[in-house]
Amino acid sequence: MKNRNNNIIYNKTFFENDVLKVAPNLLGKYLAINTDKIQNKYKITEVEAYRGEEDSACHASKGRTERCEIMYSSGGHIYVYLIYGMYWMLNIVTGRTGNPQAVLIRGLEGLDGPGKITRKLGIDKSYYGENLLVSNRIWLENQNENAEYITGKRIGIDYAGEYWKNKHWRFILNVK
DNA sequence: AGCAAGATCGGT
DNA sequence: CCGATCTTGCTG
């Protein structure tokens, strides 16, 4: 797994679907990272969907800002931001241009927690805007086509209000 | 220019 | 439960 291989690169269409379709489809797929520090693949086990300006938990709920601008780009780009002054959050932009959506990567196999993931993989602001479709240091590889999963409420968004905070937009891979 | 809040984590 | 830690976006 030193480089991108031709068989298992996702096409643009995969990421341009609605976030509520893409998010569960990421479960069981592999996140590949290839830098001088780390070369590995990790099965994606837990994700959360953030969907559009109407979603008050979504960073785009206040409209375009410098931070969330990348969410308005086409699916397949990487959205990274710093939270609590300490932890980088890794997101995959979904949907078509002008439609702000993203999937937060919360868990990888043997590595639970969005902050721990980026710390382990060395992901920081330099990944902002990276494109999974062409990048040579981060990409996705296909494995399970139809992974089974359960859903739950999104974590850490109590500020979003009852309606949005109660949506079951967290997707967790079923462990057999 | 100042300030409050935050898609977290680890230790009490 | 609480503190760490600092960028961002909003207010004035």
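Each chain gets a letter, A, B and so on, in the order the sequences are listed, and its residues count up from 1.
Asp36(A) has no carboxylate O lying under 4.0 Å from a charged side-chain N of Arg137(A), or vice versa, which leaves the two without a salt bridge. Between Asp18(A) and Arg51(A) a salt bridge is recorded (basic side-chain N to carboxylate O distance below 4.0 Å). The residues Glu141(A) and Lys29(A) are annotated as not salt-bridged, no charged nitrogen and carboxylate oxygen being separated by less than 4.0 angstrom.
In this structure, Met89(A) atom CE and dT8(C) atom C1' are separated by 15 Å, rounded to whole Å. When the P atom of dG6(B) is taken as reference, atom CG of Asp158(A) falls 10 Å away, rounded to whole Å. Atom-to-atom, CD of Gln101(A) to C1' of dA7(B) comes out at 16 Å; the value is rounded to the nearest Å. Counting to the nearest Å, the P atom of dC10(C) and the OH atom of Tyr159(A) are 14 Å from each other. Rounded to an integer number of Å, the gap from Lys116(A) NZ to dA7(B) C1' is 16 Å. Look at CZ on Phe171(A): it is 19 Å from P on dA7(B), rounded to the nearest Å.
Note on Arg119(A): only backbone sugar-phosphate atoms sit closer than 4.0 angstrom, heavy atoms only; bases stay farther off. Here Ile157(A) lies in heavy-atom contact (under 4.0 Å) with sugar-phosphate atoms only.
Near DNA chain B, meaning a heavy atom under 4.0 Å from it, residues 57-74 of chain A has Ala57(A), His59(A) in order of number.
Aromatic pair Tyr81(A)/His59(A): centroids less than 6.0 angstrom apart.
The shortest distance between side-chain heavy atoms of Ile33(A) and Tyr42(A) falls below 4.5 Å.
Across all strands shown, dT5(C) forms no Watson-Crick or G-U wobble pair with both key distances under 3.5 Å.
Contact annotation: side chain of Tyr81(A) to base of dA7(B), donor-acceptor pair present below 3.5 Å.
Judged by the 6.0 Å and 45° rule, Arg67(A) forms no cation-pi pair with Tyr128(A).
Here Arg170(A) does not reach the OP1 or OP2 of dA7(B): none of its side-chain N or O atoms lies under 4.0 Å away.
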Exercise for review: Take Glu48(A) and Phe171(A) through the test side-chain contact (heavy atoms from CB on, under 4.5 Å) and record every step on the way to the result.
Suggested key: CA-CA 6 Å; Glu48(A) 277 177 1; Phe171(A) 304 88; over 6 Å; no
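Exactly one residue among Asp124(A), Ile83(A), Leu121(A) makes a side chain to side chain contact (heavy atoms under 4.5 Å, CB included) with Trp88(A). That residue is Asp124(A).
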Provide a list of protein-nucleic acid N or O atom pairs under 3.5 angstrom, restricted to nucleotides 2-7 of chain C.
unit_1: dT5(C); atom_1: O2; unit_2: Tyr84(A); atom_2: O; d: 2.2

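Residues Ile172(A) make up the rest of the hydrophobic cluster containing Ile150(A), defined by ILVMFWY side-chain heavy atoms closer than 4.5 Å, directly or through other members.
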